[in-house]
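What you see is a predicted model; the values in this text were computed from it and never measured. When reading the values below, keep in mind they use all heavy atoms of this one structure, side chains included, and skip hydrogens, waters and symmetry mates.
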Amino acid sequence: MPTPTPEAAAPKRDRTRYLYLAVIAAVVLGVAVGLLWPSVGKSLAPLGTGFVNLIKMMISPIIFCTIVLGIGSVAKAAKVGKVGITALVYFIVMSTFALAIGLVVGNLLHPGSGLHLNPADVSKVHQQAEGGEGTTDFLLGIIPKTFVSAFTEGQVLQTLLVALLAGFALQKLGKRGEPILRGIEHIQRLVFRVLAMIMWAAPVGAFGAIAAVVGATGWGALRSLLVIMLGFYLTCLVFVFGVLGAVLWLGARVNIFSLLRYLGREFLLILSTSSSESALPRLIAKMEHLGVSKPVVGITVPTGYSFNLDGTAIYLTMATLFIATAQDQPLALGEQITLLLFMIIASKGAAGVSGAGIATLASGLQSHRPELVDGVGFILGIDRFMSEARALTNFAGNAVATVLIGSWMKEFDRDRSRAVFTGQAPFDEATLVDEKPAEPAQPAPANA
């Protein structure tokens, strides 16, 4: 009797499910430690910071490999430009919808009404506000100091620029560039393997991050600001399932619940780290696995992380109205729109950075209504809790955008997506990359 080969053996069980169960347990334990021993909880903050830093370490190489492989394998450069323009137009439209919804809900709820703020601790806010940059600085900041500094400084837009240039250069090289493309493919596999190893530290990072924030704020701040928090969370839910869900179904005939269920582990990771950047590499891998082509994923996902800020738009809207109302200086509708449009422009790149929303809020108020900046100090206590919904909404918006743009560009394999959603083509949690290009699930032809 022949010895069974490794290929014939039973498939390996997915051990990563234990990892994500451990993340849930770590979050619960972190809340308990933060409530029972606040000083201990606050001292655990470096655990969460360290884990997020490990993830950020992988962002630049993953974006570079993904974009170079996507563009380098496309025959026509015009195709990439078409994807980029379509993505930017879509991002502007959806951010406007998010802004409008936030304005409507904020003006209905009047968050901050009747509160008497005590802006005693505002030095941190002023420091963040001083970090704001103008449009010229932003545009010049996209250009890295050197070809390699984009990777060492961790700037997403700089990495995007370098990757675009490298991808188009490989297109021009034609056949001579194929060995370089194959080499970058191997580097991408190595990078994703390292990322899979880092993910096993997620429970430790989640425990430290949650214990620190609960230990620092307790439930007092949560109770006093319950209206704005609930209003913000409900607005995000309405936007994701109402607006994004409808657009996804009409534009790509994909069910929003199926897509979000497929990305469940990424949402859990974001919830525990309060940063959508922690799930960016996995989003790239999962969108390719779902059937969206490499060029579309390579352009849409990184660009979306800088420009598709649906959750941030809603947050900035409601937080601004809260601060103005709480200090008895309500904003007229015209003031609300101009101030918030400025904040949306200033918030580029904030989607993946935990705490960047508060800096954008402070810098916007500082430039338009400096007398309101002191009120930002009061919202600092719950910004971490609100940043979770902000990051989750941003992430959902980018996932929906990738599927939609792939469908519009006819670069989305619907048969593949159905196989993935039904579990016939499971995602490989060990490597995070498919060994073969995504293809529709079809029976193999019989060999003669």
Side-chain angles (χ1 to χ4, degrees), residues 18-56 111 115 117-125 128 198-234 236-237 264-279 311 315 318-319 322 352-359 361 376-395:
Y18 300 116
L19 167 63
Y20 289 90
L21 289 174
V23 169
I24 296 175
V27 169
V28 174
L29 183 61
V31 170
V33 170
L35 288 175
L36 298 175
W37 303 286
S39 59
V40 175
K42 287 187 283 188
S43 68
L44 295 174
L47 295 178
T49 304
F51 174 71
V52 173
N53 287 343
L54 281 173
I55 296 291
K56 289 181 179 180
L115 272 178
L117 297 186
N118 180 24
D121 182 19
V122 296
S123 59
K124 181 179 179 180
V125 177
Q128 289 177 310
I198 290 174
M199 291 307 301
W200 285 97
V204 178
F207 169 71
I210 297 298
V213 69
V214 174
T217 63
W219 296 114
L222 216 56
R223 284 193 298 268
S224 63
L225 299 169
L226 194 58
V227 173
I228 185 175
M229 283 191 60
L230 287 179
F232 177 61
Y233 272 73
L234 289 173
C236 289
L237 287 173
R265 294 185 174 185
E266 287 67 42
F267 282 112
L268 179 59
L269 177 62
I270 293 169
L271 189 64
S272 62
T273 61
S274 192
S275 171
S276 58
E277 190 174 46
S278 60
Y315 165 80
M318 300 191 71
F322 167 80
V353 184
S354 179
I358 199 75
L361 177 64
V376 183
F378 192 68
I379 211 173
L380 277 172
I382 62 161
D383 178 69
R384 172 57 185 254
F385 294 99
M386 297 180 74
S387 71
E388 292 168 354
R390 189 166 67 227
L392 290 169
T393 306
N394 285 336
F395 182 80

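Listed here is the closest heavy atom pair of Ala22 and Pro203: CB-CG, 3.7 Å. Smallest separation of non-hydrogen atoms from Phe232 and Met318: CA-SD, 3.6 Å.
The structure places CG of Asn394 at 9.0 Å from CD1 of Ile270, a figure rounded to the nearest 0.5 Å. Rounded to the nearest 0.5 Å, atoms OH (Tyr233) and CZ (Arg390) are 10.0 Å apart. To the nearest 0.5 Å, atom CZ of residue Phe395 and atom CG of residue Leu271 are 12.5 Å apart.
Leu47 is linked by a side-chain contact (heavy atoms from CB on, under 4.5 Å) to Leu44, Val204, Phe207, counting only residues two or more places apart in sequence or in another chain.
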